[in-house]
Amino acid sequence: MARYTVFLHHPLDQRETDPERLAALMAEHDAHGRELVDEGVMIFGSPLEDPDASTSIRADSIVDGPFVEVNEIIVGFYVIEVPDLDAAIAVARRNPIIRHGGGVEVRPMPDDAGPGVHGGVDA
């Protein structure tokens, strides 16, 4: 089985501010995550805090907030284990963020993503 990280991104200028609407959107994402766990394909997933909470580190500086200007932000990710890229794309296409104006990026993980050189963790 191959592992893929699915990054969830959303336009920065389309942040949901209504608490009820946000709760409904998050409930939809939670249900989707439970589906993937029940199917046995999701290894791990998590939403991310707003980019304002990030710290960027470069060779000569440490900067609060995102390092680059962007119009879309990564809002979460999950790691899946499926037979191949086609299966990963099929799983990722079901993510509700696509219907909410965002999108996903599917990125393969190295076959040797265990502890060591790549910094992976055995599941």
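Remember, predicted model here, so these are calculated numbers, not experimental data.
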Count I, L, V, M, F, W, Y as connected when their side-chain heavy atoms are under 4.5 Å apart, and connections chain through other members. Are [X] and [Y] then in the same cluster?
X: Ile98; Y: Val75; result: yes
X: Met109; Y: Ile74; result: yes
X: Met26; Y: Leu36; result: no
X: Ile73; Y: Val106; result: yes

Taking the side chain as every heavy atom from C-beta outward, state whether [X] and [Y] have any atom pair closer than 4.5 Å.
X: Val6; Y: Asn95; result: no
X: Arg94; Y: Glu35; result: yes
X: Tyr4; Y: Ile89; result: no

Which pair of non-hydrogen atoms, one from [X] and one from [Y], has the smallest distance, and what is that distance?
X: Val82; Y: Ala88; answer: CG2-N, 3.6 Å
X: Pro11; Y: Gly102; answer: CD-CA, 4.1 Å
X: Ile97; Y: His29; answer: N-CE1, 3.5 Å
X: Gly33; Y: Met42; answer: O-CE, 3.5 Å

Here the gap from Asp18 atom CG to Arg15 atom CZ, rounded to the nearest 0.5 Å, amounts to 16.0 Å
Distance col, row Glu16:CD vs Leu25:CG, nearest 0.5 angstrom, shows 5.5 Å
Check: His100 and Glu28: side-chain donor and acceptor closer than 3.5 Å?
Finding: yes
State whether the side chain of Asp84 and the backbone N or O of Ala87 hold a donor-acceptor pair below 3.5 Å, judged by distance alone. yes
Parallel, tilted or perpendicular: ring planes of Phe77 versus Phe7, cut at 30 and 60 degrees: tilted
